Trainee: 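Please see the structure below; I have some questions.
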Amino acid sequence: MDIQAYYLPAAVAAHLLSAVIWVGGMFFAYTSLRPAAAKLLEVQQRTKLWRKCLITFFTWVWISIIVLPVTGYWIIYAHYGGMARVGWHIHIMQVIGIIMIMIFLHMFFAPFRQLLKALKHENFQTAADQLAKIRRFMGINLVLGIVVLVVAGGMRYLAI
Ligand code: HEM
């Protein structure tokens, strides 16, 4: 059995799974959980719910932001033979992907950590303010993620 024949399909599958988990998770959080929690819960329960959810979801995002560039650059260099040989859709994906990763890292190390700290001290108003910041960053990343999916999945077939 030629094990190397499975490298490319495995890399593409891991790449796609990571993208689906990350963008799909943000879509659910932004469009479904956020409005429901805002409508039904007081600030104390709401901020605690988000802490629990985000700790789990961000663990998956950490895995995704490692797997996406590792598999993406592996495909570029091992399969296509370098950056100069890939289509415009991959250049766009790479640039937007890096911006998304930077936004996530900022969100994780600034407002998310502040959120955890505020909740440790039962400071719910500060926690809610940090949550509002997380929501804005997640909204930006959701839009960027959808743009990447449209560009990488569909627009690549445009003959540009
Ligand atoms: C961080 C840098 C990234 C690099 C270097 C990269 C690289 C690549 C490469 C080389 C492919 C294979 C394309 C082909 O064979 O034509 C690919 C496919 C894909 N990537 Fe990325 N990617 C990155 C980030 C992302 C992100 C952040 C997302 C989504 C959130 C994403 C979503 C996709 C999708 C949906 C495909 C499948 C497109 C298709 O073949 O139909 N990528 N990527």
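Residue numbers start at 1 and run along the sequence shown. Just the heavy atoms: all of them, side chains too, but no hydrogens, waters or symmetry mates, feed the values below. Read the numbers this way: they start at 1 and go in the same order the structure lists the ligands and their atoms. Keep in mind it's a predicted model, so treat the numbers as computed, not measured.
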Trainee: Name the closest protein heavy atom to atom 38 (C) of ligand 1, giving the residue it belongs to and the distance to 0.1 Å.
Mentor: Ala152 O, 3.3 Å
Trainee: Decide side-chain contact (heavy atoms from CB on, under 4.5 Å) for Ile134 and Trp50; before the verdict, give the C-alpha distance in whole Å, the side-chain angles of both, and the deciding distance to 0.1 Å.
Mentor: CA-CA 10 Å; Ile134 292 173; Trp50 277 110; over 6 Å; no
Trainee: Using a 4.0 Å heavy-atom threshold (strictly under), name the region of Leu16 that reaches ligand 1: side chain, backbone, both or neither.
Mentor: side chain
Trainee: I need the nearest protein heavy-atom contact for atom 27 (C) of ligand 1: residue, atom name and distance, please.
Mentor: Leu68 CD1, 3.7 Å
Trainee: So, do Tyr77 and Met83 sit near enough that their side-chain heavy atoms are less than 4.5 Å apart?
Mentor: yes
Trainee: Where is the nearest protein heavy atom to atom 14 (C) of ligand 1: which residue, which atom, and how far?
Mentor: Tyr80 OH, 2.9 Å
Trainee: Side chains of Leu131 and Arg46: closer than 4.5 Å at any heavy-atom pair?
Mentor: yes
Trainee: If we set the cut-off at 4.0 Å for heavy atoms, which region of His15 has an atom near ligand 1: side chain, backbone, both, or neither?
Mentor: side chain
Trainee: Tyr157 versus His89: any side-chain heavy-atom pair under 4.5 Å?
Mentor: no
Trainee: In terms of residue, atom name and distance, what is the protein heavy atom nearest to atom 17 (C) of ligand 1?
Mentor: Met93 CE, 3.3 Å
Trainee: Identify the protein heavy atom lying closest to atom 13 (C) of ligand 1, giving its residue, its atom name and the separation to 0.1 Å.
Mentor: Ile90 CD1, 3.7 Å
Trainee: Can you check which of Ser64, Ala19, Pro69 brings a heavy atom nearest to atom 1 (C) of ligand 1?
Mentor: Pro69
Trainee: Run the numbers for me: atoms of ligand 1, each under 4.0 Å from some heavy atom of Ile76, listed by number.
Mentor: 5 (C), 10 (C)
Trainee: Any atom of ligand 1 sitting under 4.0 Å from a heavy atom of His79?
Mentor: no
Trainee: Does any non-hydrogen side-chain atom of Thr126 lie less than 4.5 Å from one of Gln114?
Mentor: no
Trainee: Distance to 0.1 Å, residue and atom name: give those for the protein heavy atom nearest to atom 39 (C) of ligand 1.
Mentor: Arg156 NH1, 2.9 Å
Trainee: Of the backbone atoms (N, CA, C, O) and the side-chain heavy atoms from C-beta on, which set of Val86 has a member under 4.0 Å from an atom of ligand 1: side chain, backbone, both, or neither?
Mentor: neither
Trainee: Using a 6.0 Å distance limit plus a 45 degree cone around the ring axis, check whether Arg34 lies over the aromatic ring of Tyr30.
Mentor: yes
Trainee: In the protein, which heavy atom is nearest to atom 4 (C) of ligand 1, and how far is it?
Mentor: Gly72 CA, 3.9 Å
Trainee: Assess whether atom CH2 of Trp62 is packed by more than 12 heavy atoms of other residues, nucleotides or ligands within 6.0 Å.
Mentor: yes
Trainee: Going from CG on Leu49 to CG on Leu54, what distance comes out if it is rounded to the nearest 0.5 angstrom?
Mentor: 8.5 Å
Trainee: How about Gln94: does one of its N, O or S atoms come closer than 2.8 Å to atom 21 (Fe) of ligand 1?
Mentor: no
Trainee: Can we call the ring centroids of Phe104 and Phe137 under 6.0 Å apart?
Mentor: no
Trainee: Between Leu149 and ligand 1, find which residue part has any heavy-atom pair under 4.0 Å and reply side chain, backbone, both or neither.
Mentor: side chain
